[in-house]
Amino acid sequence: MAQKPSTPKGTRDFSPQEMLRRKYIFNTIETVFRKYGFLPLETPAMENLSTLTGKYGEEGDRLIFKVLNSGDAWKSVSSEVKAMLVKGEEVHPGKLAAELSDKALRYDLTVPFARYVVQHQNELTFPFKRYQVQPVWRADRPQKGRYREFYQCDADVIGSKSLLNEIELVQLIDDIFTALDMKVTVKINDRKVLSAIAEISGQPEKVVDMVTAIDKLDKIGQEKVEEEMRAKGITDTAISTIAPLFRLSGTWPEQKNKLDDWLGNVPVAQEGLKSLSTIFDAVGNLKSATLEFDPTLARGLDYYTGAIFEVKANEGTMPGSICGGGRYDDLTGIFGLKDMSGVGISFGADRIYDVLLETEKFPAELGQSTRLLFANFGESEAMHCFKLLRQLRDAGIAAELYPDQVKMAKQFKYADDKGIPFVAIIGENELKQGIVTVKDMKNGEQKAVKAEELLSIIS
RNA sequence: GUGGAUGUAGCUCAGUUGGUUAGAGCGCCGGAUUGUGAUUCCGGAGGUCGCCGGUUCAAGCCCGGUCUUCCACCCCA
């Protein structure tokens, strides 16, 4: 019995038309990456499970796709766990998964990159700048703009603490969205400012809870944020200490003044504020992006330590961010390489695609690949077309010959469906007279020309 | 992972309180005499109503399970 074909949940096929548009996004991003001195890198789809676990927070670990051990996976389960299962005792799902699986699909491109850097540290010249455009997988529940397989386009600099890198990343973001004709808002914050806030609240150990609650401010409002913090065991005193955070509106200089008054005497805050100021001052005029300090921007990934970025589209209905990144001081430390600070940015190609589609920003000419189609009138005519075909292709023109001798209507329809702008007709008559009849598919006009003139007509 | 909605021809959807051969538009295929698409006219093919099970004399319609897609939460690109 034939089974109904489908792709797994949250994964998609990409048609030729979609691929042309996706390639346009990838090419645009890659071109800008190269302009800033980043070089390409690829890593395997799978990593050792231990490379990935514990890097993305508790929530992140749950979303990692684990790969079942090949062969008899049951054999890799320890006798201790087997005994528990036989007795019907409950085994912690994470523990069981770790025994059945020692590989997993990568969850992002940053952690594999850190692994790569440590593994190849002796071959690399630092600061090391790489870009990487590959799919990542998350076992999330699909939604609008959320897929289980999607592409990230990352650029990272590792082995440099200089803020020039952050500044360049903001400019790079601006360049890319300018090239894509998108207006965006780049939100920026610094984890150090967030730590300082947790510190003055008197409950520094609650940074993560505070930050994830604060992150929701624009969505659920101050009251609910405070409610959530209380639920997480943050004291009322601490919450009222944090309150000035909710009144940090205005331009960056205004925000900076308020922050200086409030957090000025906390050393870690000063560090964060100073680097934010440096970034704001040095970035200069941006073409498509608006840079905004957002004190509620937190970002869930555990490894960020300094500046953090997030980019949202100003047009369209995409709810999530289309780009995100930040500085991580010690991502390589877990793999045994200390003192290797890095900073990077990740573009979500699939979400950018969705925004461009919705706002109709894809260039119209992307659909055209073939410029000219030779209609097929039979063997000898086709052989003649073959020669012309070669000349056109040598001249850099995309052209094709319809492979079968079928009725004209079908051949013209093929050209029409494929968006081919010109059709060349060489039948018995044309062959005899040594001419080519060229039809412009847009206006239906048709004229007979010499073979030598063909190129100038269609280009 | 939690809660809610959805699923009928390739696509977008109709389908009345369960009752004979399940419909439309678009698309597809064929035709309207010679070598012409997109337009027009005529004709045709295509569905075990997501899948499995149950209730019933009878189920696209009711019930349970399962999968998909979508929405909210969580989180994120």
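Being a predicted model, the structure only gives us computed values, none of them experimental.
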Is any side-chain N of the basic residue among A:Arg12 and A:Glu18 closer than 4.0 Å to the acidic one's carboxylate O? no
When all nucleic acid strands are considered with a 4.0 Å heavy-atom cut-off, which category describes A:Ile322: base, sugar-phosphate, or nothing? sugar-phosphate
Looking only at the side chain of A:Lys144 (C-beta and beyond, no hydrogens), which of the listed nucleotides B:rC71, B:rA77, B:rG37 gets closest? B:rC71
Should A:Lys410 be listed as having a side-chain N or O under 4.0 Å from OP1 or OP2 of B:rG31? no
Quick one: stems involving RNA chain B, counted as three or more successive Watson-Crick or G-U pairs, both distances short of 3.5 Å. B:1-5 with B:69-73, B:10-13 with B:23-26, B:28-32 with B:40-44, B:50-54 with B:62-66
With the side chain of A:Arg146 defined as its heavy atoms from C-beta on, choose the nearest nucleotide among B:rC74, B:rC29, B:rU36. B:rC74
Is there a salt bridge (Lys or Arg N to Asp or Glu O under 4.0 Å) between A:Lys55 and A:Glu47 once you walk through the steps? CA-CA 13 Å; A:Lys55 314 295 189 297; A:Glu47 290 283 344; over 6 Å; no
Salt bridge or not for A:Lys447 and A:Glu453, using N-O below 4.0 Å? no
Can you see if the side chain of A:Lys407 gets near the phosphate of B:rG30 - specifically, an N or O under 4.0 Å from OP1 or OP2? no
Which listed nucleotide (B:rU68, B:rG35, B:rA77) is nearest to the side chain of A:Met408? B:rG35
Please state the P separation for the pair B:rU66 and B:rU21 - nearest whole angstrom. 33 Å
Of the nucleotides B:rG35, B:rC76, B:rC75, which has the atom closest to the A:Glu430 side chain? B:rG35
Given B:rC74, B:rC70, B:rG37, which nucleotide is nearest the side-chain atoms of A:Met441? B:rG37
Protein-nucleotide distance (A:Ile64, atom CD1; B:rC75, atom P), rounded to Å: 17 Å
Between B:rC75 atom P and A:Arg141 atom CZ, what is the distance in whole Å? 15 Å
Are A:Trp137 and A:Phe65, when compared by the centres of their aromatic rings, separated by less than 6.0 Å? no
Over all strands shown, is A:Cys153 touching base, sugar-phosphate only, or nothing at heavy-atom distances under 4.0 angstrom? nothing
Nucleotide of B:rC71, B:rG37, B:rG31 approaching A:Phe412 most closely (side-chain heavy atoms): B:rG37
Is A:Lys442 close enough to B:rA38 that one of its side-chain N or O atoms is under 4.0 Å from OP1 or OP2 there? no
Looking only at B:rC73, B:rA77, B:rU68, the nucleotide nearest the A:Lys9 side chain is B:rU68
Contact class for A:Tyr147 (heavy atom, under 4.0 Å): base, sugar-phosphate, or nothing? base
Just to be sure I understand the rule, does A:Gly444 reach a base, reach only the sugar-phosphate, or reach nothing, if contact means heavy atoms closer than 4.0 Å? base
Classify the angle between the aromatic ring planes of A:Tyr116 and A:Phe128 as parallel (below 30°), tilted (30 to 60°) or perpendicular (above 60°). parallel
Give, for atom OG1 of A:Thr110 and atom OH of A:Tyr303, the distance between the pair rounded to the nearest 0.5 Å. 3.5 Å
Looking for any heavy atom pair under 4.0 Å, which part of the strands does A:Gln411 touch: base, sugar-phosphate only, or nothing? nothing
Specify whether A:Tyr328 and A:Tyr304 have parallel, tilted or perpendicular ring planes, treating 30° as the upper limit for parallel and 60° as the lower limit for perpendicular. tilted
Between the side chains of A:Arg62 and A:Glu59, is the shortest nitrogen-to-carboxylate-oxygen separation below 4.0 Å, so that they form an ion pair? yes
For B:rU36 and A:Gln446 - does any side-chain N or O of the residue sit under 4.0 Å from the phosphate oxygens OP1/OP2? no
Answer with base, sugar-phosphate or nothing: what part of the nucleic acid does A:Gln152 contact at a heavy-atom distance below 4.0 Å? sugar-phosphate
Choose from B:rA77, B:rG35, B:rC70 the nucleotide whose nearest atom is closest to any side-chain atom of A:Pro142. B:rC70
For the side chain of A:Phe377, counting heavy atoms from C-beta on, which of B:rG35, B:rA72, B:rA77 is nearest? B:rG35
Heavy-atom closest contact (A:Ala399 atom, A:Thr370 atom, distance): CA-CG2, 3.9 Å
Remember a base hit wins even if backbone is also touched, and classify A:Ala409 as base, sugar-phosphate or nothing at under 4.0 Å, heavy atoms. sugar-phosphate
From the set B:rC75, B:rC71, B:rA77, return the single nucleotide nearest to any side-chain atom of A:Glu59. B:rC75
